[in-house]
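Everything numeric in this text was worked out from a predicted model, so none of it was measured. The chains referred to below are lettered A, B, ... by the order of the sequence lines, with proteins before strands, and numbering in each begins at 1.
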Protein chains: 2
Amino acid sequence: MVSNQTKISPEFIQNAARVLKTLGHPDRIKIVEFLEDGEKTVGQIHRDLNMHQPIVSQHLKVMHDRDIVTFRQEGTRYFYSLANNFITKILNCMSEVQAKLDSGEWDFEFSIPNN
Amino acid sequence: MVSNQTKISPEFIQNAARVLKTLGHPDRIKIVEFLEDGEKTVGQIHRDLNMHQPIVSQHLKVMHDRDIVTFRQEGTRYFYSLANNFITKILNCMSEVQAKLDSGEWDFEFSIPNN
DNA sequence: GTATTATATAGTAAAATTACTATATTTCCA
DNA sequence: TGGAAATATAGTAATTTTACTATATAATAC
């Protein structure tokens, strides 16, 4: 499946690493998942996901730097949304994996490391 | 596409975050990509990818802790391989994204942040 | 047995991330 | 005009990650 595909370029590896690392935080995954539903204000994220407001702003800033989210400003409110298909693609992967785990099609089990 | 799928569980978010964060390092992406070709010894990785041997061992240890790779020992050599379908799935996503970027189907461009 | 090969592990300094508190800025409304 | 609401930003201590050097361990070859 994978072996006969295009060689991944060094630039892509760098960018992919940045995006994957950025996505590698529970809060940010939650935020991104929430944004799949459509654009949201900082306050909506802050209240609905029960996170401190500065934390939300901080995460959004990081994700904006990495081109994961964009925003439009309207008065005092900032409406954030997902920036590109890459992110949706990754999330689709995650959802598919989740579905297969749920259905028992895969018996793979993450372990909690003890160190 | 995504909106009507199963809600991602909190446990999955935690695990996904761990795996994504671990994969979010250029060297580890290279190693994982190399392992797609089949099991490899530490020395092969170290020489073929031109990384310091302790660095390779360190990355492999981290990825083993996260169930991204497994290994079998034969004499003094350790043969590492990818541990599960989750990783291949993520890599497939990355490859697909790469292909679409290469073909121009997507005009998305990562930016290099200046901070 | 001794050197060599292959790999893991220990130790560590520098850098990055995280979570948090406090505060500044902007806009809106009474 | 003055205050409240929404959000960004600054500052910071604790933790984690990273990259590196040195060394330990175990198997093998001579």
Let me check something: any side-chain donor-acceptor pairs from residues 47-56 of chain B under 3.5 Å, sequence neighbours excluded? List them with distances.
from, atom 1, to, atom 2, distance (Å)
Gln53(B), NE2, Ser57(B), OG, 3.1

* Just call it for Phe71(A): base, sugar-phosphate, or nothing, with non-hydrogen atoms closer than 4.0 Å on any strand. => nothing
* Partners meeting side chain to side chain contact (heavy atoms under 4.5 Å, CB included) with Tyr78(A) (sequence neighbours left out) -> Val42(A), Phe71(A), Gln73(A), Tyr80(A)
* Quick one: pull up CG in Leu35(A) and OG1 in Thr70(A) and give me the separation to the nearest 0.5 Å. => 9.0 Å
* Structure fact -> Thr41(B) meets the side chain to side chain contact (heavy atoms under 4.5 Å, CB included) criterion, sequence neighbours left out, with Gln44(B), Arg77(B), Phe79(B)
* Between Arg28(A) and Thr22(A), what is the shortest heavy-atom contact and its length? -> NE-O, 2.6 Å
* Asked: Rounded to whole angstrom units, what separation is found between the NE2 atom of His52(B) and the P atom of dT7(C)?
  -> 16 Å
* Check every nucleotide of DNA chain D for an atom under 4.0 Å from a heavy-atom of chain A, then give the first and the last such nucleotide from 5' to 3'. => dA6(D) to dT18(D)
* State, with a plain yes or no, whether a side-chain heavy atom of Ile45(B) is found less than 4.5 Å away from one of His59(B). => no
* Asked: Could you state the interatomic distance from CG (Asp67(A)) to CZ (Arg18(A)), rounded to the nearest 0.5 Å?
  -> 8.5 Å
* Asked: Going by heavy atoms in the side chains, are Val62(B) and His25(B) under 4.5 Å from each other?
  -> no
* Roughly, in whole Å, what's the span from OH in Tyr78(B) to P in dT5(C)? -> 18 Å
* At what distance, to the nearest 0.5 angstrom, does CD of Gln58(B) lie from CE of Met63(B)? -> 11.0 Å
* Name the nucleic acid region contacted by Tyr80(A), choosing base, sugar-phosphate or nothing; use a 4.0 angstrom heavy-atom cut-off, strictly under. => sugar-phosphate
Give me, pair by pair, the N or O atoms of the protein and of nucleotides 12-18 of chain C that are less than 3.5 Å apart, along with how far apart they are.
from, atom 1, to, atom 2, distance (Å)
dT18(C), OP2, Arg28(A), NH1, 3.4
dT18(C), OP2, Arg28(A), NH2, 2.9

Could you list, one pair per line, each protein nitrogen or oxygen that sits under 3.5 Å from a nitrogen or oxygen of nucleotides 23-28 of chain C, together with the distance?
none

* Just wondering, do Ile31(A) and Val69(A) contact through their side chains at under 4.5 Å, heavy atoms? -> no
